[in-house]
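Each ligand, and each atom within it, is numbered from 1 in the order the structure gives. Position 1 is the first residue of the sequence, and the numbers go up from there. Predicted model, so just to flag it, every value in this text is computed and none were measured.
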Amino acid sequence: MARIAFFGAGYAGLVSGACLADLGHTVVIRDVVAERVEGLRAGRVPFYEPGLAELIARNQDRLSFTLSMDEAVDGSDFLFVCVGTPPTVSGDANLSAVWSVIEDLPQDLGPTVLVMKSTVPVGTGEKVRAELDRRGLTQVGYASCPEFLAEGTAVRDFLESDRIVVGAFEPQHGEAVGALHEGLDAPVVQMDVPSAEMVKLAANAYLATRISFINEIANVCELVGADVEDVARGMGLDRRIGTQYLRAGIGFGGSCFPKDVSFLKLLAGNSGYHFHLVSSVIEVNELQIRRPVAKVQGHLGSLRGKRVALLGLAFKANTDDVREAPSLVLAARFLAEGAQVVAWDPVVDAQEILHGVEVADSATAALAGADAAVVVTEWPELRELPWAELRETMGNPLVVDGRNFLDPEVMRTAGYAYEGMGRATSPFAALAETEEPGTKLRQ
Ligand SMILES: NC(=O)c1ccc[n+]([C@@H]2O[C@H](COP(=O)([O-])OP(=O)(O)OC[C@H]3O[C@@H](n4cnc5c(N)ncnc54)[C@H](O)[C@@H]3O)[C@@H](O)[C@H]2O)c1
């Protein structure tokens, strides 16, 4: 079993560090935020991720947290870099946290392998290798081992990985990193460093492409009277296609897809290639996020003074992450149209992130007096709401389901005007031919 230092106690570092401890390794996780480290030492997980607190508690004998570089690297066989790589204003990767880890490495390191788990542009490994060599740190090997976990299911994703991708300059370093994962029932796929870096960007861009694709199918379904849920089911059962990432809705958000797709587009552009398909994926997503605004306007007309409830703020269920969340765009768009916006989320502290938005402490409270509600995050509790009773509390019973999460029949039977994304039957579609937008529904 190895001793592993981790840099970054975020979603990727904390989950993969705790999982490697679970496999029997001794893991020391270093972060630079004192309150994060103190909280973790006291058993507090700094974000919402199902199963993570239990995993950390189960492995507390092999897992420790520190602010100290020396404490992290002393005697470590591997140095895993899991710091954030957010986009810069130009959309390229901001690698300043990665470089600060490299710069802070002490000169007297023993033989070790630096493992890049942060998502970085292709070519980063070669630059880091060159910097390590420039500093004379030739005893430090280098490997790329991109992380594929998804927030909300991160612990399971790591422990039940489909594959471990490892890129290395020296085969023995790649083999050593692969061997760390013994105990997982997953193939280790060895390759060179640029290819491993590209796997991560290509995988996320491909998944994002599927989402934008099915969203465009949904938009066409609305025009031609088809139902995207049936279309996706019919497509997905084809084994060549598969069912994953074919859920139509308001598009992708989060800390990974938007930035990784942008990284790939700009990486190609910076190298002289216009990646048309990926550019379209981004554009489709930007427009898709806004579609609920037009749908609500279709029912209510002008939104000035109308009260709109946003149900869910996290970019998806089972996380409190709001980085690049569609809710942020939707809140801003509704406010710009003059609506009053009230928001609810079971785990996100909305007060911290949204300005000019009223925060409700329950979905029921958010719906009270609302002229429209938009399902932004597929939180399971939304299915359990007593929708029939809540109808009376709304100013106008209109629900736009941005995740196709609620049952249209249940909603209509409960007396709502219900619209999903690309779902065939909207009672309003028939009304719209004969009525002024929204008149019937507002009565
Ligand atoms: N979040 C995900 O679902 C996910 C999945 C796969 C890959 N990734 C990739 O993993 C990387 C990290 O993402 P994240 O979501 O965990 O980020 P995050 O922002 O949640 O966490 C990053 C952590 O690194 C710490 N940090 C910054 N500088 C540091 C330094 N010099 N030394 C030690 N710690 C430092 C920060 O304080 C923070 O706690 C990114 O490149 C991301 O693209 C993330």
Do me a favour and list the nearest non-hydrogen protein atom to [atom] with residue, atom name and distance?
atom                    : answer
atom 22 (C) of ligand 1 : Gly84 N, 3.6 Å
atom 35 (C) of ligand 1 : Val83 CG1, 3.4 Å
atom 31 (N) of ligand 1 : Ser100 OG, 3.1 Å
atom 7 (C) of ligand 1  : Glu147 O, 3.6 Å
atom 4 (C) of ligand 1  : Cys256 SG, 3.3 Å
atom 43 (O) of ligand 1 : Lys259 NZ, 2.5 Å
atom 15 (O) of ligand 1 : Arg323 NH2, 3.0 Å
atom 38 (C) of ligand 1 : Asp31 OD2, 3.4 Å

What do we get for [X] next to ligand 1 when only non-hydrogen atoms under 4.0 Å count, side chain, backbone, both or neither?
X      : result
Arg30  : both
Ser118 : both
Val120 : neither
Ala154 : neither

> Which is closest to atom 13 (O) of ligand 1 in terms of heavy atoms, Ala12, Ser16, Ala97?
Replying inline: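 Selected option, by shortest heavy-atom distance: Ala12.
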
>> Please compare Phe7, Tyr11, Phe263 and report which has the shortest non-hydrogen distance to atom 14 (P) of ligand 1.
In response: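 Comparing heavy atoms across Phe7, Tyr11, Phe263, the nearest one to atom 14 (P) of ligand 1 lies in Tyr11.
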
Heavy atoms from other residues, nucleotides or ligands near [atom1] of [X] exceed 12 (cutoff 6.0 Å):
X      : atom1 : result
Glu283 : CD    : no
Tyr206 : OH    : no
Asp238 : CG    : yes
Arg290 : CZ    : no

> N/O to N/O below 3.5 Å, does that happen between Lys117 and ligand 1?
Replying inline: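 In this structure, Lys117 places no N or O atom under 3.5 Å from an N or O of ligand 1.
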
>> Is it the case that ligand 1 has an N or O less than 3.5 angstrom from some N or O of Thr119?
In response: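 Between Thr119 and ligand 1, an N or O pair is found under 3.5 Å apart.
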
>> Using 30° and 60° as the class boundaries, would you call the ring planes of Tyr245 and Phe257 parallel, tilted or perpendicular?
In response: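 Geometry flag for Phe257 against Tyr245: tilted rings.
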
> So Phe275 and Tyr273, would you call those rings parallel, tilted or perpendicular, with 30° and 60° as cut-offs?
Replying inline: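 Ring orientation of Phe275 relative to Tyr273: perpendicular.
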
>> Is the terminal nitrogen or CZ of Arg323 (NZ for Lys, CZ for Arg) located under 6.0 angstrom from the six-membered ring centre of Phe315 and within 45° of that ring's axis?
In response: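 No - Arg323 does not lie over the ring of Phe315 by the 6.0 Å and 45° rule.
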
> So, is the end of the Arg163 side chain (NZ or CZ) under 6.0 Å from the ring centre of Phe148 and within 45° of the ring's axis?
Replying inline: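 Pair Arg163/Phe148 counts as cation-pi.
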
Run the numbers for me: atoms of ligand 1, each under 4.0 Å from some heavy atom of [X], listed by number.
X      : result
Ser255 : 1 (N)
Val101 : 30 (C), 31 (N), 32 (N)
Val33  : 37 (O)
Arg36  : 39 (O)
Gly8   : 23 (C), 24 (O), 25 (C), 33 (C), 34 (N)
Leu149 : 3 (O), 5 (C), 6 (C)
Thr85  : 40 (C), 41 (O), 43 (O)

> Between Thr66 and Arg30, does a side chain to side chain donor-acceptor pair (under 3.5 Å) hold up when you go through it step by step?
Replying inline: CA-CA 5 Å; Thr66 185; Arg30 185 219 182 193; over 6 Å; no

>> Closer than 4.0 angstrom, basic N to acidic O: yes or no for Glu378 and Arg247?
In response: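 Between Arg247 and Glu378 there is no salt bridge, as every charged N stays at least 4.0 Å from the carboxylate O atoms.
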
> Can a salt bridge be assigned to the pair Arg134 and Glu131 using a cut-off of 4.0 Å between side-chain N and carboxylate O?
Replying inline: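 Looking at Arg134 and Glu131, the cut-off is met.
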
> Within the side chain of Glu49, is there an N or O that forms a donor-acceptor pair under 3.5 Å with the backbone of Gly152?
Replying inline: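 Such a contact is found between Glu49 side chain and Gly152 backbone.
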
>> Would you compute the distance between atom CD of Gln297 and atom CG of Leu303 and round it to the nearest 0.5 angstrom?
In response: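 Reported to 0.5 Å precision, the distance equals 4.5 Å.
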
>> Show, in sequence, the C-alpha distance, side-chain angles and deciding distance for Asn94 and Ser96, and conclude whether the side chain to side chain donor-acceptor pair (under 3.5 Å) test is met.
In response: CA-CA 6 Å; Asn94 180 346; Ser96 57; 2.8 Å; yes

